[in-house]
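Worksheet: one structure, shown below.
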Amino acid sequence: LLGHTERLTDVKFHPSFSTDAMGSDDASSVVGLATASVDMRVKLWGAGSMQCVHTLEGHTQRLARIAFHPSGRFLGTTSFDQTWRLWDLETQQELLIQEGHARSLYGI
């Protein structure tokens with residue numbers, strides 16, 4: 001997967017990802033994988049094409065971890081900027097930012 005400008009910090013498969021979707025045109029825009037990076041971005045990759053279908057931006061320092069909600073609709077992200085964020089993957093919008101932590105967040 002090419003797309004980030006820095007090294008990856010986390011990779012997660014979508015909860016409903018199936019290898020049967022790989023190579024399918026029908027699943028090219030359906031999120032199959034999410035990656036987090038030192039470049040402060042999350043990339044969402046199409047299940048069929050494994051091409052980047054969207055980039056989530058908002059953190060101001062490198063990302064640490066990402067996690068899909070079991071429904072697959074939401075993604076949580078943690079960062080060295082001392083915040084965690086919740087994203088709606090259908091709209092690619094940030095739903096929540098939790099600030100106020102004294103240190104970087106390493107897990108979610």
Side-chain angles (χ1 to χ4, degrees):
L1 301 172
L2 299 174
H4 287 286
T5 58
E6 297 283 344
R7 67 182 170 84
L8 297 182
T9 56
D10 205 3
V11 176
K12 293 290 190 285
F13 283 98
H14 189 277
S16 63
F17 177 77
S18 166
T19 55
D20 296 337
M22 294 186 73
S24 168
D25 290 336
D26 295 337
S28 62
S29 64
V30 175
V31 173
L33 182 73
T35 56
S37 172
V38 173
D39 68 10
M40 301 177 290
R41 294 174 179 88
V42 172
K43 299 266 185 193
L44 305 175
W45 305 89
S49 65
M50 282 299 153
Q51 297 294 314
C52 182
V53 295
H54 197 76
T55 301
L56 304 176
E57 298 180 275
H59 285 287
T60 59
Q61 291 188 33
R62 75 183 182 119
L63 291 165
R65 296 288 178 257
I66 55 177
F68 282 99
H69 182 273
S71 72
R73 179 170 178 183
F74 306 102
L75 184 77
T77 59
T78 64
S79 171
F80 279 59
D81 66 9
Q82 301 174 355
T83 68
W84 73 270
R85 296 166 194 249
L86 183 66
W87 305 85
D88 184 326
L89 297 182
E90 288 184 10
T91 64
Q92 289 84 42
Q93 297 295 310
E94 180 183 277
L95 297 176
L96 173 73
I97 177 173
Q98 177 66 56
E99 299 174 301
H101 296 276
R103 298 188 187 217
S104 301
L105 300 176
Y106 300 100
I108 188 165

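What you see is a predicted model; the values in this text were computed from it and never measured.
Taken to the nearest 0.5 Å, the CG atom of Leu75 stands 5.5 Å off from the CD1 atom of Ile66. Atom CD of Gln92 and atom OG1 of Thr55 lie 10.0 Å apart (nearest 0.5 Å). Here CG of Leu2 is found 8.5 Å from CD of Gln51. Values are rounded to the nearest 0.5 Å.
Cluster annotation: Trp84 is not connected to Met40 through the hydrophobic network of ILVMFWY side chains, with a link wherever side-chain heavy atoms come within less than 4.5 Å. Under the 4.5 Å side-chain contact rule for hydrophobic residues, Leu56 and Val38 do not share a cluster.
Listed by first then second residue, pairs satisfying side-chain hydrogen bond (donor to acceptor under 3.5 Å, both in side chains) with a partner in residues 61-71 read His69-Ser71, not counting sequence neighbours. Residues in residues 72-87 take part in these salt bridge (Lys or Arg N to Asp or Glu O under 4.0 Å) pairs, two or more places apart or across chains: Arg73-Asp88, Arg73-Glu90, Asp81-Arg85, Arg85-Glu94.
The two residues Leu44 and Ala34 make their nearest non-hydrogen contact at CD2-CB, 3.9 Å. For Phe13 against Phe68, the heavy-atom pair with the smallest separation is O-CD1, 3.4 Å.
Residues passing the side chain to side chain donor-acceptor pair (under 3.5 Å) test with Thr35, sequence neighbours excluded: His4, Trp45. The side chain to side chain donor-acceptor pair (under 3.5 Å) search around His54 returns none, not counting sequence neighbours. Scored by the salt bridge (Lys or Arg N to Asp or Glu O under 4.0 Å) test, Glu57 finds Arg41 as partners (sequence neighbours excluded). Residues satisfying the side chain to side chain contact (heavy atoms under 4.5 Å, CB included) test with Glu99, not counting sequence neighbours, are Thr83, Ile97.
Contact of the Asp10 side chain with the Leu63 side chain is not registered, since no non-hydrogen atoms from C-beta on lie closer than 4.5 Å. Here the side chains of Thr77 and Ile108 are not in contact, with every heavy-atom distance at 4.5 Å or above.
The closest donor-acceptor contact from the side chain of Ser37 to the backbone of Arg7 lies under 3.5 Å.
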